[in-house]
Amino acid sequence: MDLGLLDAWARSHHGILTKRRAIDLGWTDAAWYRAIRRGQLQLMHPGVARLHGTPTTPTQRIYAALLAAGKTAVASHRSAAVLWAIERPEDDPVDVIVSRGVTGMALTGVNIHRPRDRVDMATVVRSHTPSTNLLRTLIDLGAVTGDVGAAVTSAITSGAVTPTVLEYLLARHARRGRNGTTALRHALSAWPLHGKPADSELELRMAKLLADHDLPPATFHARLAGFEVDFRIDGTPVVLECDGWDHHGRTREQFERDRERDVILGAAGYVVFHFTWRQITRRAAWTAARIRQLVERWSAPVPDRSGWPIVATAERIGHPERPERPARLGRIGRHGR
């Protein structure tokens, strides 16, 4: 019995072997069961085993369950979320969807689903494993967990979907008795950035902080002086930047570019304040108080495109097309007058 015959196969299939594959490669039934008794193979489901020494991972458990469930099986619900890099507890059961014609199947630690709703059931391959697509995954995840807020945040911040696409998804599935739509609706209603995709979870945390502490309204991803900033407090020159490590300071070049941008924004009349992950997530009350102080301190006119300050005077309101200009000073000559 030569385990080398199966090693290459197992390593490209998450360390999982099937009895049928072993026989195709020249093994006998007796050799299969002998390898299990000796601990060379660890039986996970009938006819499906893990090769000793291969890493144990959530994806391995999912892949083994799919092989045991048959050709129609695809990872779904919590297991599909794992394959889509959505954080899930390690002790989650495995979820698989099979065709409605598959009956009488029971696998240890595996939830078998036979949904009547086949909308958005086009499958994809993630980590060499068949899975429901991301849209279907979010609906199904809501059906078994009741909360997809973190999953929606992960999906949008990764750039995989937009809030608008999720609204269309909700409309397609929203009908009486469809599990999962309520959780998705709640997640979208709590989305704090009004349809604009965030670059990071930290931006979402900052938006929530602004709302939770009743701070003045801010424009997300405002364009100022040719740059896109994280937040600009409306009606003020105050700019708030969320400094997560992935987007700021990873390299010296990035650090230099950020500082150069701050100088250009400052020259255009804006004041830029940076807040770290710890300040936003763990010191939210302190950060909110500082932002409130900054707004009170810097609630000054911001230059408009003409280069003159925007001043809310009666004359300015009466003649919006003519910005109010400062009084002309006397001509200054060579000798100061």
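Remember, predicted model here, so these are calculated numbers, not experimental data. Just so you know, these numbers use all the heavy atoms, side chains as well, and skip hydrogens, waters and symmetry mates.
Taking a 6.0 Å sphere around CZ of Arg278, one finds it holds 12 or fewer heavy atoms contributed by other residues, nucleotides or ligands.
With sequence neighbours excluded, the residues satisfying salt bridge (charged side-chain N to carboxylate O under 4.0 Å, His left out) with Asp29 are Lys19. Take His52 and apply the ring pair (Phe, Tyr, Trp, His ring centres under 6.0 Å) test, not counting sequence neighbours, and it matches no residue. Judged as a salt bridge (charged side-chain N to carboxylate O under 4.0 Å, His left out), and not counting sequence neighbours, the contacts of Asp140 are Arg136, Arg178. Every side-chain contact (heavy atoms from CB on, under 4.5 Å) that Ala22 has, sequence neighbours left out, goes to Leu6, Trp27, Trp32. For His45, the ring pair (Phe, Tyr, Trp, His ring centres under 6.0 Å) test picks out no residue, with sequence neighbours left out. Considering only residues two or more places apart in sequence or on other chains, Asp234 meets the salt bridge (charged side-chain N to carboxylate O under 4.0 Å, His left out) condition with none of them. Here Arg172 pairs with Asp120 under the salt bridge (charged side-chain N to carboxylate O under 4.0 Å, His left out) rule; sequence neighbours left out.
The side-chain contact (heavy atoms from CB on, under 4.5 Å) test with Thr281 is passed by exactly one of Leu202, Thr276, Thr287: Leu202. Between Asp95 and the choices Arg88, Arg61, Arg78, Arg114, the salt bridge (charged side-chain N to carboxylate O under 4.0 Å, His left out) rule is met once, by Arg78.
Considering only heavy atoms from C-beta on, Leu215 comes within 4.5 Å of Leu209 through its side chain. When side chains are defined from C-beta on, Val124 does not count as touching Leu83, because their heavy atoms never get closer than 4.5 Å. No side-chain heavy atom of Tyr270 sits under 4.5 Å from any side-chain heavy atom of Val229. Here the side chains of Leu210 and Leu240 are in contact, with some heavy-atom distance below 4.5 Å. In this structure, Thr54 and Gln60 have side chains that are in contact, with non-hydrogen atoms separated by less than 4.5 Å.
Think of Ile16 as one node in a network of Ile, Leu, Val, Met, Phe, Trp and Tyr side chains linked at under 4.5 Å; its network also takes in Met44, Val48, Tyr63, Leu67. Under the 4.5 angstrom side-chain criterion for Ile, Leu, Val, Met, Phe, Trp and Tyr, the cluster partners of Met121 are Val74, Ile97.
For the atom pair CZ (Arg290) and CZ (Phe273), the distance works out to 12.5 Å, reported to the nearest 0.5 Å. Interatomic distance, CE of Met206 versus CD of Gln279, reported as 8.5 Å (0.5 Å rounding).
Side-chain polar atoms of Thr137 and Thr132 form a donor-acceptor pair below 3.5 angstrom.
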Verify side chain to side chain contact (heavy atoms under 4.5 Å, CB included) between Val272 and Arg261, making sure each step is shown before the conclusion.
CA-CA 10 Å; Val272 183; Arg261 185 181 73 154; 5.6 Å; no

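Pairs passing the ring-ring contact (aromatic ring centres under 6.0 Å, His included) check and including a residue from residues 124-160, sequence neighbours excluded, do not occur. Sorted by first and then second residue, the ring-ring contact (aromatic ring centres under 6.0 Å, His included) pairs involving residues 85-110 (not counting sequence neighbours) form an empty list. Pairs engaging residues 105-124 under the ring-ring contact (aromatic ring centres under 6.0 Å, His included) rule: His77-His113 [sequence neighbours left out].
Look at Asp262 and Arg259 and you find a salt bridge, because one of the NZ, NE, NH1 or NH2 atoms lies within 4.0 Å of a carboxylate O, short of that distance.
Among all heavy-atom pairs drawn from Trp84 and Asn133, the shortest one is NE1-C, 3.8 Å. Closest non-hydrogen pair, Thr236 versus Val295, comes out as CG2-CG1, 4.4 Å.
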